Amino acid sequence: MGVAGGPIRVVVAKPGLDGHDRGAKVIARALRDAGMEVIYTGLHQTPEQVVGTAIQEDADAIGLSILSGAHNTLFAAVIELLKERDAQDIVVFGGGIVPEADIAPLKELGVAEIFTPGATTASIVDWVWAHVRRPAEA
């Protein structure tokens with residue numbers, strides 16, 4: 001995890017072929033404006049690139065934005081890669097077009113939270129403040 005005592009570090013990523021990143025940019029800005037350090041990866045990232053960036057940047061969390069319908073595959077790949085890289089302390093959350101029926105299985109897989117359309121930036125920022133902690137803060 002990031003440097004103890006410093007700001008929460010969040011990688012915001014757009015994995016897969018989805019090219020719509022307005023929501024991800026809005027969330028990245030909201031997290032930044034709330035005092036967090038945000039690393040936005042840009043479009044068309046692979047799960048390997050997302051996890052590699054999170055580890056390299058010493059991130060506390062990964063926020064995935066997925067509108068393509070590939071959420072089950074992409075979240076699972078990120079969670080599995082974090083396990084393989086012994087980086088399970090990085091909290092994974094996300095949002096986008098995720099059917100209600102898919103949310104519980106994703107949480108069982110290890111995704112901490114899913115935000116669906118209509119979630120406010122304030123609710124996402126509040127959730128990150130409440131659920132992403134550094135060891136010195138826990």
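A quick note: this is a predicted structure, and the numbers were derived from the prediction, not measured.
- In this structure, the side chain of Gln49 engages the main chain of Thr46 through a donor-acceptor pair within 3.5 Å.
- Between the CD1 atom in Ile66 and the NE2 atom in His20 there is a gap of 14.0 Å [rounded to 0.5 Å].
- Between Val78 and Val51 there is a side-chain heavy-atom pair separated by less than 4.5 Å.
- Note on residues 76-104: pairs passing ring-ring contact (aromatic ring centres under 6.0 Å, His included), not counting sequence neighbours, are Phe93-Trp127.
- Contact record, Ala30 with Thr121: CB-CB, 3.8 Å, taken as the closest heavy-atom pair.
- For residues 37-75, the set of pairs meeting the ring-ring contact (aromatic ring centres under 6.0 Å, His included) definition, not counting sequence neighbours, is empty.
- Pro15 and Ser65 get closest at one heavy-atom pair: CD-O, 3.6 Å.
- From Arg9, atom CZ reaches atom CD of Glu37 across 4.5 Å, with rounding to the nearest 0.5 Å.
- A chain of hydrophobic side-chain contacts below 4.5 Å, direct or via other Ile, Leu, Val, Met, Phe, Trp or Tyr residues, connects Ile124 to Trp129.
- Classification of Asp18 and Lys14 as a salt-bridged pair holds, one side-chain N sitting under 4.0 Å from a carboxylate O.
- To the nearest 0.5 angstrom, Leu82 atom CG is 6.5 Å from Ile55 atom CD1.
- Lys107 is linked by a salt bridge (charged side-chain N to carboxylate O under 4.0 Å, His left out) to Glu113, counting only residues two or more places apart in sequence or in another chain.
- Rounded to the nearest 0.5 angstrom, Leu67 CG and Leu17 CG are separated by 12.5 Å.
- Counting all heavy atoms, side chain and backbone alike, Val11 lies closest to Ala54 at CG2-CA, 3.7 Å.
- Here the side chains of Val12 and Thr41 are not in contact, with every heavy-atom distance at 4.5 Å or above.
- Heavy-atom minimum distance, Ala59 versus Ile90: O-CG1, 3.5 Å.
- From Ile62, atom CD1 reaches atom CD of Glu57 across 11.5 Å, with rounding to the nearest 0.5 Å.
- Rounding to the nearest 0.5 Å places CD1 of Ile79 at 12.0 Å from CG of Leu74.
- Contact annotation: the side chain of Val128 approaches that of Met36 to within less than 4.5 Å [non-hydrogen atoms, C-beta and beyond].
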Decide side-chain contact (heavy atoms from CB on, under 4.5 Å) for Thr116 and Ile103; before the verdict, give the C-alpha distance in whole Å, the side-chain angles of both, and the deciding distance to 0.1 Å. CA-CA 10 Å; Thr116 55; Ile103 293 175; 3.9 Å; yes
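- Asp60 is not listed as a side-chain neighbour of Val10, based on a closest heavy-atom distance of 4.5 Å or more.
- Counting non-hydrogen atoms of neighbouring residues, nucleotides and ligands closer than 6.0 angstrom, the CD atom of Glu84 exceeds 12 such neighbours.
- Counting heavy atoms from C-beta on, the side chains of Phe115 and Ile27 never come closer than 4.5 Å.
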